[in-house]
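Reminder, nothing fancy here: chain letters follow the sequence lines and each chain counts from 1. For the numbers below, each heavy atom of this structure counts, side chains included, while hydrogens, waters and symmetry mates do not.
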There are 2 protein chains.
Amino acid sequence: MRDFILQAKAISDETRIRILKLLEKGEFCVCQLMDILDMKQSTVSKHLGILKTAGLVECRKNGTWTFYKLSNNLINNYNLDFLKLLSCLKDDFLIQEDKKRLKEIAKQDIRILCKS
Amino acid sequence: MRDFILQAKAISDETRIRILKLLEKGEFCVCQLMDILDMKQSTVSKHLGILKTAGLVECRKNGTWTFYKLSNNLINNYNLDFLKLLSCLKDDFLIQEDKKRLKEIAKQDIRILCKS
DNA sequence: TTCTTTTATCACGATATAACAATATAATAA
DNA sequence: TTATTATATTGTTATATCGTGATAAAAGAA
């Protein structure tokens, strides 16, 4: 039950839902997500930590960057079910705007984007 | 998204998970749940209110009693999915104990049980 | 009516969570 | 080495949530 609650809480926050819906589109580093969400680095990093602890996302390091993506293997008993549930969530206005912004920043060189 | 978060939060609490797992076994009034959960009336009633607002449970009045059960029709976009997800949750020790207690009180006359 | 029973709601203290600034850590470049 | 960049962690403040006592509301019995 502890794991289940951890994951249910993880998807109970607007910011974390926004992050997960973005990660459905690919793999992103913290500074890219900062830019799209328009939130401070510590805030984004903390939310990603919560999602990682819950087993909903995985990350890989590349130099100073950390890239996050959705977990695609069974980390605990329910993580894939929770992600599936979220994939059924219809995009509301906020998510749609995030995805528009995503398309813009996806074109940009990450080395330039993250310095700004 | 608002509804989704409401339901995700509703299943993010140990007490509410215990209630939902009990309601998988049938229909119960507040005082029966109080007895099984060993919690105060205001606490149980509040949790049931949260579950009702989230569309996860329904209730019917019979005299002074209010009987709660799991929603079995589509109240919002996700309620059945959330209940399905919860039905996959493996019973841990606490839930097992609740179900044992449930079997005991199910035999008893509700008019006597609820007066004690 | 008055009393009892059951449930819902309000108010409160304790705890948890959110966003953020400041700081620490780790990798790389100069 | 020192400086820079990206991320993680810590501490603070504001808000949200949990459990509970007190109260209110609704139904029925006396």
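- Within 3.5 Å, no donor on the side chain of A:Thr66 pairs with an acceptor on the base of D:dA6, nor the reverse.
- Of all nucleotides listed (D:dA8, D:dA6, D:dT20), D:dA8 comes nearest to the side chain of A:Tyr68.
- In this entry the distance linking CG of A:Leu48 with P of D:dT9 reads 11 Å, nearest Å.
- Evaluation of atom-type donor-acceptor distances gives a pair under 3.5 Å for the side chain of B:Lys46 against the base of D:dG19.
- If you measure from atom NZ of A:Lys61 to atom C1' of C:dA27, you get 9 Å, rounded to the nearest angstrom.
- Using cut-offs of 30° and 60° on the angle between ring planes, the pair A:Tyr78 and A:Phe82 is perpendicular.
- We find that B:Asp91 and B:Lys99 are joined by a salt bridge, their nearest charged nitrogen and carboxylate oxygen being less than 4.0 Å apart.
- Mapping A:Ser12 and A:Ser42 onto DNA chain C via the closest heavy atom, the residue that lands nearer the 5' end is A:Ser12.
- An OP1 or OP2 oxygen of D:dT20 is reached within less than 4.0 angstrom by a side-chain nitrogen or oxygen of B:Thr43.
- When each of B:Lys40 and B:Ile50 is assigned the nucleotide of DNA chain D with its nearest heavy atom, B:Ile50 is the one assigned upstream, toward the 5' end.
- In the set D:dA6, C:dA18, D:dC18, the nucleotide with an atom closest to the side chain of A:Cys114 is D:dA6.
- The side chain of A:His47 contributes no N or O atom lying less than 4.0 Å from OP1 or OP2 of C:dT17.
- Between the side chain of A:Arg16 and the backbone N or O of A:Lys9 there is at least one donor-acceptor pair closer than 3.5 Å.
- In this model, the phosphate group of D:dT5 is not approached by any side-chain N or O of A:Arg111 to a distance below 4.0 Å at OP1 or OP2.
- Summarising the geometry, the separation between CD1 on A:Ile110 and P on D:dT7 is reported as 7 Å, rounded to the nearest angstrom.
- When rounded to the nearest whole Å, the span between CZ of A:Arg2 and P of C:dA16 equals 12 Å.
- Checking the phosphate oxygens (OP1, OP2) of D:dT5, no side-chain nitrogen or oxygen of A:Thr64 falls inside 4.0 Å.
- Rounded to a whole Å, the CE atom of B:Met39 is 17 Å from the P atom of C:dA8.
- In this structure, B:Asp35 contributes its side chain and B:Cys31 its backbone to no donor-acceptor pair below 3.5 Å.
- In the model, A:Gln7 has a side-chain atom that pairs as donor or acceptor with a side-chain atom of A:Asn76 under 3.5 Å.
- Taking atom CE of B:Met34 as the reference point, atom P of C:dA8 lies 12 Å away to the nearest angstrom.
- Side chain A:Gln41 to base D:dA6: no donor-acceptor pair is found below 3.5 Å.
- Residues that satisfy the salt bridge (charged side-chain N to carboxylate O under 4.0 Å, His left out) test with A:Arg60, not counting sequence neighbours, are A:Glu27.
- With distances taken from any side-chain atom of A:Val30 to the nucleotides D:dG19, D:dT7, C:dT7, the minimum falls on D:dT7.
- Atom CG of B:Asn62 and atom P of D:dG28 are 9 Å apart (whole Å).
- The CH2 atom of B:Trp65 sits 18 Å away from the C1' atom of D:dA25 (whole-angstrom rounding).
- Counting any heavy atom pair closer than 4.0 Å across all strands shown, A:Lys9 reaches sugar-phosphate atoms only and no base atom.
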